[in-house]
Amino acid sequence: MTDDKDVLRDVWFGRIPTCFTLYQDEITEREAEPYYLLLPRISYLTLVTDKVKKHFQKVMRQEEVNEIWFEYEGTPLKWHYPIGLLFDLHASNTALPWSITVHFKNFPEKDLLHCHSKDVIEAHFMACIKEADALKHKSQVINEMQKKDHKQLWMGLQNDKFEQFWAINRKLMEYPPEDNGFRYIPFRIYQATTERPFIQKLFRPIASGGQLHTLGDLLKDVCPGAITPEDGEQKTQVMIHGIEPMLETPIQWLSEHMSYPDNFLHISIIPRPTD
Amino acid sequence: VSCGMAGEEDFFLEEKRFKQYCEDFVKRSQQIGDGWEWRISKDLGDGYLSKTHFQVRNRHIPPDLEEKNNDNTEQMLFAHVEEPLDDSQATGVCSTEEVVRYEYHVLYSSSYQVPVLYFRACFLDGRPLTLDEIWGSVHASYQDRLQDGPWDTITQQEHPILGQPFFVLHPCRTNQFISAVLGGSQEHHRHTNYIILWLSTVGPVVGLHLPLSYAKLAPEQSTDADL
């Protein structure tokens, strides 16, 4: 039986082979070759694509280079969503490598947040962690930490340092011995077909009788339309980090072991492939 | 940096109460023609307050954020379109005025159990204002507050219902100042509308003003006596 801690490592070190191609209408001085990269599932596009930017800037004039943005099959990719979430939501049942198109012009103001510096990514990341702790611990754990601990969470993510990150993050995964779990579970459920970007609600991991709520319980409560009853044909997949966890899995366990570094469970509901 | 979150003595706003206060707020707004409406999301039935208005913005006097001594009270960066322009503007001393369309939304945060103010602004040609332009148009007396951040700060975030980029006034300290006002005796403040109180405090930071008429209206007789 695999140790639960191995799950933490598997989640952290997940990678998606990606091919970046420059958008054909971008003006170049010579032809731009595609650029291949293994993207960390747990990170953010604008945090890990400096090399991509440099590669394409080499064939472009300085004045043609504005804020970089990414698109997959016509859909602008939200850099503030973790990479693994973007892949699961938009491309999980397509052939690898993941083909992303790179743009430097016509930034889609109505779709994407701006990301002018790494500070913006850090601020977003820390805001998510704080919100997660507000749900789990009424912000008590995150507020007790020093500024250097907050910084260590960010540096661990930025530099891909599992141990450095988890030295601090483990505190955010603890709960008082008298409780059996967190106060509420930080989660977001995404479906590519809705205008609403995600569903997020208050959900307790432990029922009033003391039983552990499961992933299935969460889905039934929060988006009942997403999963069909057992006798019907299952038209959708419920995906976290590229896998379909069993619906019987306790949500408390999922929150502790399969959250992203921002401490949220980002869950995708996608159409089940028909082959 | 700590973001105060609570003990039982703090005043938290439950979602049902939020909706009740919003309903009351919209009624009052309709009575005085202030333009607020309640929008319901079709899929989940949750909703938010919404108001759109147009403001004249003086484009060529961006206040220098470093000049803290600069008294900008003469240079009203926000002027309602109906107000007469003062002489200096009429004679073109300050140059181009542009009309900006502001959209304000009040949503409920279940994570922090407070209302949150979302807004966006664009020129009439559709070009959105940048974060710098938004910062620049904040009244000078609030700029210190924002610069010291992150307690009160404006960031760009995804609107949780519409999925589009909006600017957001960070809700971190909301509970502390609300508690300070409402915390004393809830009985005493039975008829205070939390939304009016909150919006009249945070709104002006981003150019949103509530006419005093909101305070003068007598609370309507309601079956929800606990409001």
Side-chain angles (χ1 to χ4, degrees), chain A residues 67 76 78-81 107-116 119-120 123-124 126-147 150-151 183-203 222-225 264, chain B residues 1-8 10 12 14-15 40-48 103 107-114 116 120-123 125-134 149-151 153-168 170-175:
Chain A
E67 186 178 349
K78 298 179 182 182
W79 67 262
H80 69 286
Y81 285 6
F107 190 89
E109 303 279 353
K110 291 214 158 47
D111 299 299
L112 299 183
L113 303 181
H114 283 284
C115 188
H116 294 302
D119 291 345
V120 177
H124 166 69
M126 292 311 302
C128 291
I129 289 188
K130 286 177 184 176
E131 184 178 350
D133 203 59
L135 289 166
K136 290 198 275 188
H137 304 117
K138 293 194 194 181
S139 301
Q140 278 159 12
V141 178
I142 196 73
N143 285 347
E144 268 164 20
M145 287 183 183
Q146 295 173 348
K147 212 165 185 177
H150 294 176
K151 209 61 179 174
R183 183 164 190 249
Y184 296 110
I185 298 291
F187 73 89
R188 288 186 178 158
I189 298 178
Y190 303 79
Q191 288 174 267
T193 51
T194 57
E195 179 186 66
R196 180 187 297 263
F198 54 80
I199 299 173
Q200 180 180 346
K201 285 190 185 168
L202 296 179
F203 187 82
V222 164
C223 56
F264 270 83
Chain B
V1 171
S2 58
C3 182
M5 194 72 185
E8 284 76 33
D10 282 346
F12 287 107
E14 286 172 356
E15 188 161 9
I40 302 184
S41 156
K42 289 172 216 140
D43 55 350
L44 295 183
D46 53 353
Y48 55 93
E103 202 177 338
L107 275 79
Y108 179 74
S109 163
S110 53
S111 303
Y112 292 107
Q113 296 188 278
V114 290
V116 183
R120 62 181 171 185
C122 60
F123 296 102
D125 63 0
R127 178 171 82 78
L129 267 68
T130 63
L131 183 54
D132 281 344
E133 285 169 325
I134 295 279
W151 301 279
T153 193
I154 296 174
T155 56
Q156 200 189 27
Q157 287 181 32
E158 178 181 47
H159 191 290
I161 297 177
L162 300 179
Q164 294 170 17
F166 270 70
F167 293 108
V168 183
H170 197 276
C172 213
R173 283 256 178 112
T174 301
N175 269 320

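To find a chain, count down the sequence lines: A is the first, B the second, and so on, and within it residues start at 1.
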Taking NZ, NE, NH1 and NH2 as the nitrogens, is one of them in B:Asp46 or A:Arg196 under 4.0 Å from a carboxylate oxygen of the other? yes

Inter-residue atom distance [X].[atom1] - [Y].[atom2], 0.5 Å rounding:
X	Y	atom1	atom2	answer
B:Leu129	A:Glu109	CG	CD	10.5 Å
B:Gln156	A:Leu112	CD	CG	9.5 Å
A:Leu135	B:Gln113	CG	CD	9.0 Å
B:Tyr112	A:Lys130	OH	NZ	8.0 Å
A:Leu113	B:Thr155	CG	OG1	9.0 Å
A:Gln200	B:Ser109	CD	OG	7.5 Å

Residues 184-194 of chain A vs salt bridge (Lys or Arg N to Asp or Glu O under 4.0 Å), sequence neighbours excluded, gives A:Glu131-A:Arg188

Between [X] and chain A, which part of the residue has a heavy atom less than 4.5 Å away: side chain, backbone, both or neither?
X	result
B:Gln157	backbone
B:Pro160	both
B:Leu131	neither

What residue, out of B:Pro165, B:Ser110, B:Cys122, has the most heavy-atom pairs lying under 4.5 Å from chain A?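 When all of B:Pro165, B:Ser110, B:Cys122 are compared, B:Pro165 has the most.
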
Does A:Glu195 use its side chain to pair, donor to acceptor, with the backbone of B:Leu162 at less than 3.5 Å? no

Within a reach of under 6.0 Å around CD of B:Glu103, are more than 12 heavy atoms found that belong to other residues, nucleotides or ligands?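 Yes, the 6.0 Å shell around CD holds more than 12 heavy atoms from other groups.
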
Given a strict heavy-atom distance threshold of 4.5 Å, which part of A:Ile199 is in contact with chain B: side chain, backbone, both, or neither?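 For A:Ile199, the contact with chain B is made by the side chain alone.
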
Hydrogens and angles aside, do B:Glu158 and A:His80 bring a side-chain donor and acceptor to less than 3.5 Å of each other? yes

